[in-house]
Amino acid sequence: MQTLSDPTFRRISELMYAAIGLSFTDNKKPLISSRLTPRIQRLGLDGFEDYLALISAPDDGGEFQVAVDLLTTNETYFFREPAHYELLEQELARSKPAQLRVWSAASSFGDEAYSTAMLLSDLQQQGRIGADWTILGTDISDRVLRSAIEAVYPEDRLRHVTPERLRRHCLRGDGASEGLVQMHARLRERVRFGQLNLCQPIEDIGPFDVIFLRNVLIYFDAPTKREVVDRVLTQLRPGGLFFIGTAEGRVPCNTALTTLAPGAFRKPS
Ligand SMILES: C[S@@+](CC[C@H](N)C(=O)[O-])C[C@H]1O[C@@H](n2cnc3c(N)ncnc32)[C@H](O)[C@@H]1O
């Protein structure tokens, strides 16, 4: 197979940037090449040029989505960055909301959404929040969303979940499903998933009381980060909580926010 030429690399990058805001600097060329090569070979195509033509065509047979999945990282796990969940718990214990709407805005396989569902279910059980709470998970990738709806996970992804929580909220697989767990139906019915591209205008889906936008800004260049954060924050109610990944630095946006902790903010009332 031919190697990835600079012009084709640039055209693939431009396509991904225009469609979903993914920003690939020149040093990402080997990454693009290594992630797409097996797929190009499996499809029996001659090389990157042909693959670019395929994913640019209106009748791509879903291949553009496959390329997105190959080029993005969906890594996630339950209770990632536990300090955020602790802060959320403290805030909710203080405000005791009767109603709560949460958005996991780059949900990947749903670990963040179901972690939050476990926490809210437990707080409801203890009478610390009302019974009216729901969670929306959205992502650009069909593949992760299909998996999130199934809510089946390798046990290792729940390594930060306490044994009591595991017992309360998960069903353990046996036989062929040994080593897998599924979220209990009680939890699944509180969490909805849908496809949403953060780099395009979004219809009114809020207002939300809490928004997680964690570990996705890393894909975007500085202007896109700002646009995405401001766009997402239009869906947060005044006084609502906003989380980004702690490794993502200062939150780039024009919307006023009060910092509560690394990666945790409140929209002023
Ligand atoms: C690393 S995961 C983060 C998952 C979770 N928020 C966490 O912190 O564990 C990043 C997710 O962002 C999604 N993503 C990338 N670009 C996106 C876009 N333009 N719109 C929506 N989701 C996007 C990817 O598909 C991926 O599932």
Side-chain angles (χ1 to χ4, degrees), residues 12-24 28 31-32 35 62 64-85 87-88 102-119 135-151 153-154 156-161 191 193-203 205 208 210-235 241-249 251-252 262-265:
I12 293 176
S13 304
E14 282 160 14
L15 179 66
M16 288 296 157
Y17 184 73
I20 59 163
L22 282 189
S23 170
F24 295 111
K28 292 283 164 52
L31 179 116
I32 292 204
R35 291 206 175 165
F64 178 78
Q65 187 64 56
V66 174
V68 169
D69 283 337
L70 291 170
L71 296 177
T72 53
T73 303
N74 306 110
E75 204 222 327
T76 185
Y77 48 89
F78 279 72
F79 289 95
R80 183 177 194 175
E81 312 212 43
H84 284 170
Y85 294 94
L87 189 140
L88 178 59
V102 179
W103 180 20
S104 169
S107 64
S108 189
F109 294 100
D111 306 40
E112 186 174 80
Y114 289 119
S115 301
T116 310
M118 287 184 189
L119 174 64
I135 299 172
L136 172 68
T138 62
D139 201 281
I140 187 82
S141 161
D142 274 344
R143 183 178 62 95
V144 298
L145 290 168
R146 277 198 304 274
S147 168
I149 291 166
E150 296 234 310
Y153 299 93
D156 176 59
R157 287 258 287 285
L158 290 94
R159 57 194 176 276
H160 297 303
V161 181
V191 187
F193 289 96
Q195 193 172 38
L196 185 144
N197 183 352
L198 293 166
C199 293
Q200 309 231 307
I202 45 182
E203 59 188 79
I205 53 168
F208 293 98
V210 180
I211 298 180
F212 291 96
L213 182 72
R214 302 190 308 167
N215 303 303
V216 62
L217 294 174
I218 205 144
Y219 295 120
F220 307 140
D221 64 8
T224 310
K225 279 183 196 184
R226 187 172 289 274
E227 269 172 38
V228 166
V229 173
D230 282 325
R231 179 177 297 131
V232 164
L233 286 172
T234 62
Q235 305 299 309
L241 299 175
F242 179 59
F243 297 95
I244 64 168
T246 50
E248 294 177 297
V251 60
F265 308 88

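Heads up: numbering here begins at 1 and tracks the sequence. Predicted model, so just to flag it, every value in this text is computed and none were measured. Whatever order the structure lists ligands and atoms in, that order sets their numbers, starting from 1.
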Can you find an N/O atom of Ile20 closer than 3.5 Å to an N/O atom of ligand 1? yes
Check the orientation of Phe212 and Phe243. Use parallel for under 30°, tilted for 30 to 60°, and perpendicular for over 60°. parallel
Quick one: does ligand 1 sit under 4.0 Å from the side chain of Thr73, the backbone, both or neither, non-hydrogen atoms only? backbone
What about Tyr114 and Phe193, are their ring centers closer than 6.0 Å? yes
Atom 22 (N) of ligand 1: the protein heavy-atom neighbour that sits closest, reported with distance to 0.1 Å: Ile140 N, 3.3 Å
Distance-only N or O hit between ligand 1 and Tyr77, under 3.5 Å: no
Contact (N/O only, under 3.5 Å) between Thr76 and ligand 1: yes
When you measure from the side chain of Arg80 to the backbone N and O of Arg214, does any donor-acceptor pair fall under 3.5 Å? no
Minimum heavy-atom distance between Leu213 and Leu198, given as atom pair plus value: CD1-CD1, 3.8 Å
Just to be sure I read this right, does ligand 1 sit under 4.0 Å from the backbone of Tyr219, its side chain, both, or neither, counting only heavy atoms? side chain
Record the part of Leu196 in heavy-atom contact with ligand 1 below 4.0 Å; permitted values are side chain, backbone, both and neither. backbone
Give the minimum heavy-atom separation between Ser108 and Asp139, together with the two atoms involved. N-OD2, 2.8 Å
What atoms in ligand 1 come closer than 4.0 Å to a heavy atom of Asn197? 18 (C), 19 (N), 20 (N)
Examine Leu22 against ligand 1 and note whether any of their N/O atoms are separated by less than 3.5 Å. no
Does Arg214 approach ligand 1 within less than 4.0 angstrom via side chain, backbone, both or neither, non-hydrogen atoms only? both
Which pair of heavy atoms, one from Cys199 and one from Thr224, lies closest together, and at what distance? SG-CG2, 3.9 Å
Is there any N or O on Ser107 that sits under 3.5 Å from an N or O of ligand 1? no
Write down the atom of Tyr219, the atom of Leu22, and the distance for their closest heavy-atom approach. CB-CD2, 3.5 Å
Which ligand 1 atoms does Cys199 reach within 4.0 Å, using its non-hydrogen atoms? 19 (N)
Can you figure out which of Asp139, Asn74, Ile244 has its heavy atom closest to atom 11 (C) of ligand 1? Asp139
For Ser108, the atoms of ligand 1 under 4.0 Å from one of its heavy atoms are 4 (C), 27 (O)
Does Arg159 use its side chain to pair, donor to acceptor, with the backbone of Asp156 at less than 3.5 Å? yes
Starting from atom 20 (N) of ligand 1, find the nearest protein heavy-atom neighbour and note its residue, name and distance. Leu198 N, 3.0 Å
Under-4.0 Å heavy-atom contact with ligand 1, by part of Glu75 that carries it: backbone
How far is atom 10 (C) of ligand 1 from its nearest protein heavy atom, and which residue and atom is that? Asn215 O, 3.4 Å
Can you sort out which atoms of ligand 1 are near Glu112, meaning under 4.0 Å from one of its heavy atoms? 5 (C), 6 (N), 7 (C), 8 (O)
Are any side-chain N or O atoms of Gln65 and backbone N or O atoms of Ile140, one a donor and one an acceptor, separated by less than 3.5 Å? yes
protein heavy-atom neighbour closest to atom 5 (C) of ligand 1 works out as Ala106 O, 3.4 Å
If you have a sec, work out which protein heavy atom is nearest atom 12 (O) of ligand 1 and how many Å separate them, to one decimal? Val216 CG2, 3.3 Å
Under 3.5 Å, N or O to N or O, is Phe220 touching ligand 1 that way? no
What one should report as the nearest heavy-atom pair of Ile244 and Gly249 is CD1-O, 3.7 Å
Pro262 and Thr246: which non-hydrogen atoms are nearest, and at how many Å? O-CG2, 3.4 Å
